[in-house]
Amino acid sequence: MRRALLLLATTLLTAGCAAPAAEVRVEELRRPEEPPSAPLKVEPTAPADMPEAVDEGDRILSFLTPRGITAAVRFRQTARSIGAPNRGALEGGACLAPKGPGFVHVSRSSCGTDEMVAIVQWALREMQREYPKTAPVVVGALSKPGGGRLRPHKSHRSGRDIDLGLYATGNQHLPHFQPLPIERIDFKKTFLLMAYLISSGRVTNIFVNHRLQPYLYEAARSMGYDRQQLDYLFEWPRGAKSRQGLIRHERGHMKHFHVRFACPDGNSGCVE
Ligand SMILES: [Zn+2]
């Protein structure tokens, strides 16, 4: 059985967005093949599927979620990511609203590719669905409406980078990125959000301080990920300079993690 839900209908211009933003419409088509309580599974080594083009430029990206459900996220692709994350630009970016299901957005740099904005909104909403009482995650910088240099970041220039906060234990609400003692970080929820994003097949890397990785690794292991999957996902227990694993060290990044997305289908000037 397939049921279609129109889940998120609006994306607003925020104060920092001078250019008109494309509307972002995320429509999720769920096929509940297994109950949401099914054990976690992931196929991180499967090649990423490109979204399928459908009517009027809409795209549908289908993938298996960490809960074993096939999700299909539908969005309209109008943005173009140009060049590399650390020297590129963005055309026709979609901009994230100041708040939405599962998140509050605290940066004026709100824009990115339609694909990234759609997947992030889907994943955060999925977290809220799974943990209805959870405090919203703080979303930081994406890119400026036209991309380009965004101080103090080196990247965030081409609409494919986004900073996301950590979950605190006890559903504590965090108004912005803030330092937390290790025992106050909810690593299980934080990793699950990462897993939802990665399951889309469109995330190339997540950057987070190496010191947090053993805790995220343990959270993933306790949730059923096997050794091969953990090796693929994490740089740890390899060193912070190994340049291996999808989840990698970046200096700082103790209060948030940084997610980088692949070049959208058909963006010929985009550089990974
Ligand atoms: Zn960042």
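These numbers come from the heavy atoms of this one structure, side chains and all, not from hydrogens, waters or symmetry mates. In each ligand, atom 1 is the first atom listed, and ligand 1 is the first ligand listed.
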Residues pairing under salt bridge (charged side-chain N to carboxylate O under 4.0 Å, His left out) where one sits in residues 229-250, two or more places apart or in two chains, turn out to be R227-D231
ask   = Side chains of D161 and S143: donor-acceptor distance under 3.5 Å anywhere?
value = no
- Query: Which single N/O/S atom of D163 lies at minimum distance from the Zn ion (ligand 1)?
  - Reply: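 The nearest such atom is OD1.
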Answer key: the N, O or S atom of H258 nearest to the Zn ion (ligand 1) is ND1
Assess H253: does it contribute an N, O or S atom lying under 2.8 Å from the Zn ion (ligand 1)?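 Here the distance criterion (N, O or S atom, under 2.8 Å) is not met by H253, so no.
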Item to complete: Quick one: sort the H253 and H258 rings into parallel, tilted or perpendicular, breaks at 30° and 60°.
Response: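 Tilted.
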Sorted by chain and number, sequence neighbours left out, side chain to side chain contact (heavy atoms under 4.5 Å, CB included) with R184 holds for T169, Q172, L180, P181
